[in-house]
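Chain A is the first sequence line, chain B the second, and so forth, proteins listed ahead of strands; every chain is numbered from 1. These figures come from a predicted structure and were not determined experimentally.
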2 protein chains.
Amino acid sequence: MVNSRKRSTSRDVAEQAGVSRTTVSFVLNDVRHANISDDTRQRVRRAAAELGYVPHAAARALAGGKSGTLGLLVRPLKMLPVDAFLHQLLHSLMEVCLERGYRLLVETASSSSPPETYVQMVRAKQIDGLVVLGVYEEDPGLTALIESGYPVVLVGHHPSPESRMVSSADEDGIARSTAHLIGLGHRRLAFIHYAPLGDLGEELRLRVFARALERADILYLPGLVMGGDFSAASGYEAMRRILAAGQPPTALVAGNDTIAIGAMAAIREAGYCIPGDIAVVGYDDIPTARFAAPPLTTMRVPAHAMGRACGEMAIAMIRGEPEAMR
Amino acid sequence: MVNSRKRSTSRDVAEQAGVSRTTVSFVLNDVRHANISDDTRQRVRRAAAELGYVPHAAARALAGGKSGTLGLLVRPLKMLPVDAFLHQLLHSLMEVCLERGYRLLVETASSSSPPETYVQMVRAKQIDGLVVLGVYEEDPGLTALIESGYPVVLVGHHPSPESRMVSSADEDGIARSTAHLIGLGHRRLAFIHYAPLGDLGEELRLRVFARALERADILYLPGLVMGGDFSAASGYEAMRRILAAGQPPTALVAGNDTIAIGAMAAIREAGYCIPGDIAVVGYDDIPTARFAAPPLTTMRVPAHAMGRACGEMAIAMIRGEPEAMR
DNA sequence: ATGAAAGCGCTAACAT
DNA sequence: ATGTTAGCGCTTTCAT
């Protein structure tokens with residue numbers, strides 16, 4: 001029931017219920033140490049409902065020092081429309097926010113904009129915590145943030161040991177994919193990894209792939225290793241280069257499913273069969289993977305669980321709960 | 001240069017620059033009618049920089065009455081990870097926000113949560129305007145919002161004539177796809193449309209498809225028409241049902257590319273060739289469409305332009321600019 | 001069990 | 001050209 005056209009404030013509710021604004025605040029926020037009689041409680045609740053009262057977010061944030069908002073930093077911006085993992089993450093993060101009464105603010109940094117936009121938002125106290133997904137370039141701003149004790153959750157890897165992070169276990173996935181293919185008898189393995197720009201994880205991933213080969217006494221062939229970004233187009237291009245370079249591999253480890261789909265197109269185009277001539281293993285388990293032709297074999301990443309974990313962890317850190325420190 | 005550990009406020013800047021907080025506000029907000037001397041300007045700017053001053057978002061919003069934040073309502077939540085159009089939209093919307101100094105708050109409504117969460121956010125003044133993408137069920141809350149004059153931009157269709165909307169021209173796309181296939185000589189056309197729940201656009205889209213058939217004197221066969229949601233899985237299922245029902249179509253109009261990809265998998269699985277036995281036309285131009293096997297023919301939707309238009313329109317409405325009224 | 005009062009940090013009308 | 005002052009709507013300590 002909304003009575004008037006104008007926003008009603010806590011003062012209006014207080015008047016209507018015949019109590020003070022303090023009491024309204026106590027009741028509506030379920031304040032522990034305030035012993036409010038059940039009767040008063042009811043009156044306040046009803047008055048609020050009748051007036052359609054919704055607390056002013058900014059006022060509450062200002063007075064309370066908390067914005068009730070979580071930031072998701074996606075970097076770079078270009079990643080937004082093409083990275084399937086991000087979409088899954090966004091979904092589960094949103095889910096957690098919904099459950100816990102948080103808002104989700106999406107932020108990004110593009111090369112054109114000042115890279116510290118998100119730092120500004122932190123300093124403006126617009127968000128209470130930050131989940132970071134993207135390429136881990138050297139970023140002093142982020143490092144400083146983490147070291148200052150600000151609630152930051154990283155998906156994947158970052159050099160800071162201080163960081164709380166939800167590991168995407170990329171390395172493990174690569175190791176398993178590679179081992180899987182080797183187990184199938186493959187000896188000429190290509191690797192198109194997910195490594196745009198100065199991603200700090202690149203070297204590590206390459207090493208993991210190399211080590212997997214090494215363990216099986218397989219020679220590492222640099223010509224069969226390429227870096228893509230997070231798009232299908234990059235997978236397509238990388239695979240074309242690999243195929244153009246000489247004797248084709250018999251199997252491909254793709255950094256993510258989107259890359260795999262692009263690479264598969266290049267393989268078919270070159271007249272090879274999948275998996276007859278070249279086997280492909282993807283990574284991420286994007287929803288359309290099983291509808292690819294042929295259905296893409298992929299290393300499942302528990303994206304949903306990871307997204308939820310990020311959200312829960314960030315919120316726990318914000319609230320200073322001990323579990324955050326595990 | 002950050003001097004102290006603590007957040008500095010406009011008061012600190014004022015002191016350091018030897019002016020009042022008003023002047024600080026005027027300078028930092030480039031207030032028109034305040035004639036501030038160039039000298040003072042410089043002093044204030046320098047002081048702010050030295051102190052690493054960033055205005056408190058909530059305080060500013062409270063005092064100024066504007067949050068500087070745009071809301072994107074995605075409904076239902078399940079749509080988030082699977083709808084490619086949404087991802088494109090998110091990207092371009094983010095782009096516009098970045099350029100215009102706005103923030104983007106992602107909201108959603110799931111069946112489990114009270115459906116008016118986003119209305120709360122509006123009433124809490126947490127966002128200045130709203131872009132809505134999703135299924136247009138009957139939604140009194142949204143209708144009321146629009147009628148109240150609140151800045152709402154709708155993508156697609158909505159019954160309210162008052163609405164400002166960026167048309168996704170779904171109908172036009174369906175008409176064109178259908179006409180295209182008919183032009184190719186097809187007479188047995190299937191249609192898997194994008195119509196979950198009580199989407200208000202469903203009827204319209206069906207009518208458009210039916211009319212296109214009619215114009216070519218082709219009989220409308222209900223058994224060849226199915227509704228999917230926005231996922232590849234739904235396209236797969238729908239196509240299976242169509243194929244199981246009897247004589248297969250020679251062509252398929254898919255409501256979006258994701259549905260098309262799922263449907264294509266079902267077609268291949270049933271042993272038919274694409275496009276030899278059954279031609280498929282998708283809709284949306286998702287990035288991986290050209291990497292499908294065979295490359296998916298798709299009606300291009302200017303998703304990027306549409307997203308930008310949404311953002312620009314919403315911001316124009318917020319600012320009360322006349323162009324918003326075109 | 002409830003209320004009074006003092007901010008939170010900023011903006012903007014109104015002086016000067 | 002700059003400062004004074006009064007809010008914006010809420011939370012929260014301290015009294016009662």
Side-chain angles (χ1 to χ4, degrees), chain A residues 4 6-45 47-48 51-69 120-126 128, chain B residues 4 6-45 47-48 51-69 120-126 128:
Chain A
S4 61
K6 207 165 163 15
R7 260 187 63 82
S8 32
T9 71
S10 80
R11 174 184 262 93
D12 301 329
V13 177
E15 260 169 33
Q16 168 121 354
V19 298
S20 75
R21 301 168 65 208
T22 311
T23 306
V24 172
S25 173
F26 283 174
V27 170
L28 265 31
N29 291 330
D30 271 324
V31 173
R32 295 285 190 203
H33 267 320
N35 267 357
I36 309 262
S37 72
D38 257 15
D39 175 55
T40 310
R41 253 187 169 54
Q42 297 313 317
R43 283 212 320 283
V44 170
R45 291 235 142 83
L51 294 170
Y53 169 68
V54 178
H56 192 297
R60 191 212 275 266
L62 180 56
K66 246 93 196 62
S67 68
T69 301
Q120 302 280 73
M121 307 202 43
V122 169
R123 308 200 57 161
K125 296 219 169 212
Q126 194 151 44
D128 295 340
Chain B
S4 62
K6 207 165 164 16
R7 259 186 65 80
S8 33
T9 71
S10 81
R11 173 184 263 93
D12 301 329
V13 177
E15 259 169 34
Q16 168 122 353
V19 299
S20 77
R21 301 170 64 207
T22 310
T23 306
V24 172
S25 173
F26 283 174
V27 170
L28 264 32
N29 291 332
D30 271 326
V31 173
R32 295 286 191 201
H33 268 321
N35 268 357
I36 309 263
S37 72
D38 258 16
D39 174 55
T40 309
R41 253 187 167 53
Q42 297 313 318
R43 283 212 320 282
V44 171
R45 292 234 141 84
L51 293 170
Y53 169 69
V54 177
H56 191 297
R60 191 212 275 265
L62 181 56
K66 246 96 198 62
S67 67
T69 301
Q120 303 279 75
M121 308 202 42
V122 169
R123 307 201 57 160
K125 296 218 167 218
Q126 195 152 43
D128 294 341

Round to a whole Å and report the spacing from CZ of A:R7 to C1' of D:dC10. 11 Å

Any side-chain N or O of B:T23 below 4.0 angstrom from OP1/OP2 of D:dG3? yes

May I ask you to say what B:T22 touches in the nucleic acid, namely base, sugar-phosphate or nothing, with a heavy-atom cut-off under 4.0 Å? base

It should be established whether A:S37 places a side-chain nitrogen or oxygen under 4.0 Å from OP1 or OP2 of nucleotide C:dT2. yes

Could you state the CZ-P distance from B:R123 to D:dC10, rounded to the nearest angstrom? 12 Å

Can you see if the side chain of B:R60 gets near the phosphate of C:dT11 - specifically, an N or O under 4.0 Å from OP1 or OP2? yes

Over how many whole Å does the gap from A:F26 atom CZ to C:dA1 atom P extend? 13 Å

Nearest whole angstrom, please: distance from the P of D:dG9 to the CD of B:Q126. 16 Å

The nucleotide from C:dG9, C:dT11, D:dG3 with an atom nearest the side chain of B:T9 is C:dG9

Distance check needed: C:dA1 P versus A:D39 CG, whole Å only. 13 Å

Of the nucleotides C:dT11, C:dG9, D:dC10, which one has an atom closest to the side chain of A:H56? D:dC10

When you measure from the side chain of A:R123 to the backbone N and O of B:V54, does any donor-acceptor pair fall under 3.5 Å? no

Map B:G64 and B:V19 onto DNA chain D by nearest heavy atom, then report which one ends up closer to the 5' terminus. B:V19

Tell me whether B:N29 contacts the main-chain N or O of B:F26 through its side chain, where contact means a donor paired with an acceptor under 3.5 Å. no

Tell me whether B:S67 contacts the main-chain N or O of B:A61 through its side chain, where contact means a donor paired with an acceptor under 3.5 Å. no

Does A:N35 place a side-chain N or O at less than 4.0 Å from the phosphate oxygens OP1/OP2 of C:dT2? no

Roughly how many Å is it from CG in A:L28 to P in D:dG9, rounded to a whole number? 16 Å

Sugar-phosphate only, base, or nothing, as touched by B:L62 at under 4.0 Å among non-hydrogen atoms: base

Between A:T40 and C:dT2, does any side-chain N or O lie under 4.0 Å from OP1 or OP2? yes

Atom CG of A:L51 to atom P of D:dG9: distance rounded to whole Å? 15 Å

Looking only at side-chain N and O atoms, does A:S20 offer a donor or acceptor that is under 3.5 Å from a partner on A:T23? yes

Do you see a donor-acceptor pair shorter than 3.5 Å between the side chains of B:S37 and B:T40? yes

Does a side-chain N or O of B:S10 approach OP1 or OP2 of C:dG9 to a distance below 4.0 Å, or not? no

Whole-Å distance separating the NE2 atom of A:H33 from the P atom of D:dT12: 13 Å

